[in-house]
Amino acid sequence: MTKIQQVLWELRMDYIGHPYYVSGNAILHALGQHLAPETHAELSASHGMFVPGQYGTFPDEHSQSGSRPYLGSGLPDVVAYDDLFLHREASHPWLLDIRARDALNTQDLRIHGGHPTLCHETIMGRRDEQWKQFETTKWYVHAYLHADDPTVLPLGEDVLEDLQFGGKRNYGYGEVELKETQLIELGELDYSRLKGAETYLIELVTPFVLESEYHLVNGCTVPWWWAENREDLRFREEKILEQREVYRLQTVDHGQVVTYLGDHPIETAKNGLLRVGSHSRYGFGELRVKPLGEQKYRSEKN
Amino acid sequence: MSDVMLAAYRHDAHKFTGESHNDAREMFAGVRVNQSVPDGADGDAAALSRPQQKQEQTVPNHDNHYRLSLLSGETAYNPDYFTRSTIEGTVSDLIATKDAVTAHQRWLSSDVAAALNESVYHPYTSLKYHTLLVGALLDNYRAGNDFDTLRLVVDPAGEIVPFRTVFDGDRFGLRIDADPSRRPAARLGSRPWRSWASTWNRLTAHPLDTDGDKYDMTLDANLRRTLSWSTALQYIEDYADWRPDR
């Protein structure tokens with residue numbers, strides 16, 4: 001049985017670093033300062049997604065429904081596969097349309113020493129005459145851990161507290177505080193929504209690594225179970241930092257959607273949670289399987 | 001042909017003059033304004049940028065037609081700039097020109113249209129980019145290109161396709177068209193909805209240096225979070241003006 005540990009951190013200070021996400025590599029490095037080397041060696045970390053601490057309404061594919069005030073600032077229960085992805089899509093479709101959702105979901109920027117810096121909170125309405133009505137939205141970082149040795153998890157709250165991500169840490173940037181964590185047994189989740197569809201899509205939640213200078217991975221091909229080939233896909237170079245050296249990775253950029261050609265969508269979905277391809281330990285290769293034609297499920301839920 | 005396209009660039013003149021849709025005048029600077037746009041192009045463009053089901057104030061303290069900046073949070077209201085003479089001069093250049101191709105080009109480079117939102121309920125939207133989207137959809141529909149054949153296409157800077165270019169920047173242009181001309185492109189989907197992030201995410205190449213340029217990556221990250229088309233296009237324009245490294 002495979003467990004994952006979801007972690008939600010609250011950004012306490014502005015962040016200078018990778019603007020798409022806190023990389024799994026950065027999360028592992030931060031945890032390494034609190035863990036014995038043999039424990040640390042067992043761990044894999046997902047990329048940490050930025051989440052606005054806002055009201056929201058559960059998306060259709062979620063096992064729960066209705067609105068919640070804490071949807072961005074807490075970890076709702078997870079009973080089904082799709083529940084795992086609530087916080088892992090940059091456009092955060094759960095945000096309410098009755099609020100200025102694009103303003104709440106884009107990060108305010110400052111400049112520090114020539115670097116673009118992500119603000120740890122968004123303040124709206126402050127400059128207006130009715131200044132007392134201003135609203136502050138905090139940013140959170142959502143990630144999950146898993147371990148080859150299942151006894152390593154859950155990591156204690158003391159280990160997850162008081163971490164820093166990104167650059168300029170000596171100046172206090174990137175400080176986070178643990179907000180919530182929960183352990184999830186992947187084998188006990190409901191994957192039934194992935195049964196019986198004619199067509200499945202695969203969303204690249206994080207980049208898929210094709211080539212790497214670090215492990216000398218070369219000539220990795222686009223998986224045969226994707227309908228798209230190299231000409232159809234967008235690439236992006238990534239970097240990872242190991243022992244103070246920067247290594248370059250060639251990736252299929254995240255956010256793209258490909259058509260699934262395989263016959264085992266549930267197995268693919270489970271593999272995609274623990275990530276596929278090179279550097280999966282550092283957050284790369286996270287995939288989400290989506291069935292096409294969801295009407296049946298929706299009517300059952302309503 | 002030209003008259004029909006001009007309707008697109010004149011359909012929201014009442015937002016400059018501060019009139020409500022229902023009380024809007026019929027003439028401005030000697031031309032007919034505030035007429036409805038054919039083929040549903042106005043409604044479809046609106047659906048690309050703001051929720052359609054109910055109209056509610058999304059920002060409690062803001063109920064006027066000046067746009068709020070996604071970048072700074074500030075209102076575009078500037079009492080020194082928005083005088084009666086500005087409206088009569090700059091806006092009539094935009095609205096009253098008799099040539100539709102010229103109107104399109106003026107909208108592409110307009111600052112005054114960028115200062116207004118397309119709906120007081122959604123102050124982060126941009127009247128400038130809403131209008132350019134209306135024009136691009138209308139021109140496509142009139143050429144027989146149904147919505148489900150349309151794509152977002154990335155063009156080199158300065159290459160303006162009449163009516164179909166919706167963004168003209170120093171580094172690249174963006175166009176709505178059925179034919180991608182072997183340029184990076186992504187389909188808009190089967191119906192108009194707030195699909196900016198979804199479409200941007202599926203482009204076959206991004207016109208930004210997302211391999212290593214921190215300012216480009218930060219722009220890209222926020223574009224992947226934005227649903228509204230007019231808000232996103234305005235953000236690209238504002239970001240180019242704001243970034244200190246170029």
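We name chains A, B, ... by the order of the sequence lines, and we start the count at 1 in each one. Nothing here was measured: the structure is a model prediction, and the numbers come from that model.
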**Request:** Would you kindly say whether B:Thr199 and B:Trp229 are connected by a side-chain donor-acceptor distance under 3.5 Å?
**Result:** no
**Asked** Using a cut-off of under 4.5 Å for heavy-atom pairs, which of B:Ala197, B:Ala205, B:Ala186 has the most such pairs with chain A?
**Response** B:Ala205
**Fill in**
Which of A:Tyr21, A:Tyr20, A:Tyr15 passes ring pair (Phe, Tyr, Trp, His ring centres under 6.0 Å) with A:Phe50? It is A:Tyr15
**Prompt:** Taking the six-membered ring for Trp, are the ring centroids of A:Tyr173 and A:His112 within less than 6.0 Å of each other?
**Reply:** yes
**Asked** So which bits of residues 199-207 of chain A come within less than 4.5 Å of chain B, counting non-hydrogen atoms only?
**Response** none
**Prompt:** Which answer fits B:Tyr215, side chain, backbone, both or neither, if we ask what part of it has an atom under 4.5 Å from a heavy atom of chain A?
**Reply:** both
**Item:** Modelled atom types, side-chain donor and acceptor of A:His279 and A:Ser212, under 3.5 Å
**Value:** yes
**Asked** With chain A, which of B:Trp200, B:Trp196, B:Trp242, B:Tyr121 has the greatest number of heavy-atom pairs at distances under 4.5 Å?
**Response** B:Trp242
**Complete:** Bottom line for B:Arg50: the part with an atom under 4.5 Å from chain A's heavy atoms is neither
**Asked** So, do B:Phe172 and B:Phe167 have ring centers that fall under 6.0 Å from each other?
**Response** yes
**Request:** Give, as side chain, backbone, both or neither, the part of B:Ser228 having an atom under 4.5 angstrom from any heavy atom of chain A.
**Result:** both
**Prompt:** Is the NZ or CZ atom of A:Arg99 positioned over A:Tyr55's six-membered ring, under 6.0 angstrom from the centre and within 45° of the axis?
**Reply:** yes
**Proximity of A:Tyr282 and A:His47 rings by center, below 6.0 Å** = no
